[in-house]
There are 4 protein chains.
Amino acid sequence: MAIQVAVCGPRDCTSEDESNAREVGRLLAERGAVVICGGYTGVMAAVAAGARSAGGTVVGILSRADRENANPDLSIVIPTGVGEARNNIIVNSGDAVIVIGGSWGTLSELALAMRRGRTPVVQLGGWRLLDEEGHPLAGVRHASSPEEALTATGLWSGH
Amino acid sequence: MAIQVAVCGPRDCTSEDESNAREVGRLLAERGAVVICGGYTGVMAAVAAGARSAGGTVVGILSRADRENANPDLSIVIPTGVGEARNNIIVNSGDAVIVIGGSWGTLSELALAMRRGRTPVVQLGGWRLLDEEGHPLAGVRHASSPEEALTATGLWSGH
Amino acid sequence: MAIQVAVCGPRDCTSEDESNAREVGRLLAERGAVVICGGYTGVMAAVAAGARSAGGTVVGILSRADRENANPDLSIVIPTGVGEARNNIIVNSGDAVIVIGGSWGTLSELALAMRRGRTPVVQLGGWRLLDEEGHPLAGVRHASSPEEALTATGLWSGH
Amino acid sequence: MAIQVAVCGPRDCTSEDESNAREVGRLLAERGAVVICGGYTGVMAAVAAGARSAGGTVVGILSRADRENANPDLSIVIPTGVGEARNNIIVNSGDAVIVIGGSWGTLSELALAMRRGRTPVVQLGGWRLLDEEGHPLAGVRHASSPEEALTATGLWSGH
């Protein structure tokens, strides 16, 4: 079975987030990883487009019970019908989770992935999280480029 | 995007159910359809094995949040973590739903697929459902062989 | 903590189902049980109205993420936002499950409750279920009146 | 129908969080609000105990499908069986959401409540969230005491 990487990010993203997502998708596909994403627009569409451009497989885990507004680059569509609860399913499905950019929905996915605690979580851009004393929270891996994001997952550390 | 067909059935199934499921999986893969199933044992494992034997793609929508007990023939694993609520996700993900054999979990999937009302639902073997007057319930399509089950979906009616 | 009883049934129900549901709600409230229901119209509204008429507590487990179309007799509203997956939550929340009338959604709840296998499941009216040989399925308790439905739960068997 | 307030916080909480949660629960009960919480230990148990001490109603929305490990102060128990996806149900059920203390699960609830965007979200203690430029994120209401937390919801602003 192929490695599966969940990639999360905002519907309304910056052009830098979009470009990062497209590149992350392309790199993941080149390494043979299946991309798991939310299946709609913004970062979700960009990572799907990037993966498909390199011949990859993309699974869209939709909040809706039908395919309305799903992006056109999905290989497989899972219309969960469970609303925002699908965020849990996305992060549960990745051997690693890469979070690109910042939004409340995206932060919920980052937090759920850290709560799960079983897989590497990599942040590329996006919001900053500090504890009560103002120190950065431990555990999240930070990357400053798509290449670094893949490296930070540790999934290809043998390369 | 490929056609997706959800195939549901009991963990503890008869040998006839198992043989039917394996053949349904094989036929679906030969026609290029992606198989969506519950990802564990019994009918779920048989349909996955059949599809993989013909080079097909199989998605396992698991009740657990991890991959424990997932069968070995899944191409893609979605560990939903939502328990039996994953039955809804399975039936929502099919362009048609084929139900093989009888159990309470399987009946819930048949009922959810009919409740959804958007896609063909085909029953191969399994329990019988009658209305309050004792008449068979309208809507479910009945098949008596794997080949008939695929035909009854209507997805390949143009062939 | 009070006994909790889940009551399930169709949106579009017969007048007999509606009258049965109202009476079941009233009887449950008189015995101090909390009623768990789907929170919308038909049997769900009738059981809520019956329970409230006797001063009872009614919890509505909604499919939507907001309160739109919730019936007016709910004491507590849980807008799950998980769509039809909320059926699992309803049946999981009852110390017993009473199913009134027949519909595909209602059948899914009956099947999920039997699949769960931990609590008594009582059917008042509704569809008939037979195994592959045409014999009635074991396990479901049948009642022919609201009073019998409560008795059949076994929750008040000491009375 | 009574006002419903969701109160979220860590299982492993500080003694200050626990004391704050107990007081928030007591104050909510005194104002007639129903407390919605996750139903287990830490902040969840403290807010339940506080509310019950003042005769209030507490609903526990559990991740498990059964009542194992539920705290003893719940009036109503909803064993969802949907795992961490129950966090969405908790925040959807509040006319306001109060978050006490910091943990990844708690942060997911804060983020989901802000993502929902329909109800006031109040933070009492806990982690700090900054945008990409290092500015505090807009929208979350901050309180420094249980009394302030209730005031910040705006639900009793007419008082």
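In the text below, chain A, chain B and the rest are named by the order of the sequence lines, each starting its count at 1.
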Do the side chains of [Y] and [X] get nearer than 4.5 Å, heavy atoms only?
{"X": "A:V82", "Y": "D:V82", "result": "no"}
{"X": "A:L112", "Y": "D:W104", "result": "no"}
{"X": "A:N88", "Y": "D:N88", "result": "yes"}
{"X": "D:R128", "Y": "A:E132", "result": "no"}

Need one label for [X]: side chain, backbone, both or neither, based on atoms under 4.5 Å from any heavy atom in chain A.
{"X": "D:E109", "answer": "neither"}
{"X": "D:L137", "answer": "side chain"}
{"X": "D:V121", "answer": "neither"}

Original post:
If you round to the nearest 0.5 Å, how far is CG of D:L107 from CG of A:L107?
Top reply: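 Interatomic distance, A:L107 CG to D:L107 CG, rounded to 0.5 Å: 4.5 Å.
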
Original post:
D:A85 and A:A85: which non-hydrogen atoms are nearest, and at how many Å?
Top reply: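 Minimum heavy-atom separation between D:A85 and A:A85: CB-CB, 3.8 Å.
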
Original post:
Looking at A:A111 and D:S108, what are the two nearest heavy atoms and their distance?
Top reply: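 Minimum heavy-atom contact is CB-N, 3.5 Å.
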
Subject >> Contact origin within A:N87 toward chain D - heavy atom pairs under 4.5 Å >> reply: side chain

Subject >> Segment of A:V91 engaging chain D (4.5 angstrom heavy-atom cut-off) >> reply: neither

Original post:
Between A:G117, A:G101, A:G125, A:G134, which residue shows the highest count of heavy-atom pairs closer than 4.5 Å to chain D?
Top reply: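 Max contact count across the listed options: A:G134.
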
Subject >> Other residues, nucleotides, ligands: >12 heavy atoms within 6.0 Å of A:E16 CD >> reply: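 Result for CD/A:E16: open.
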
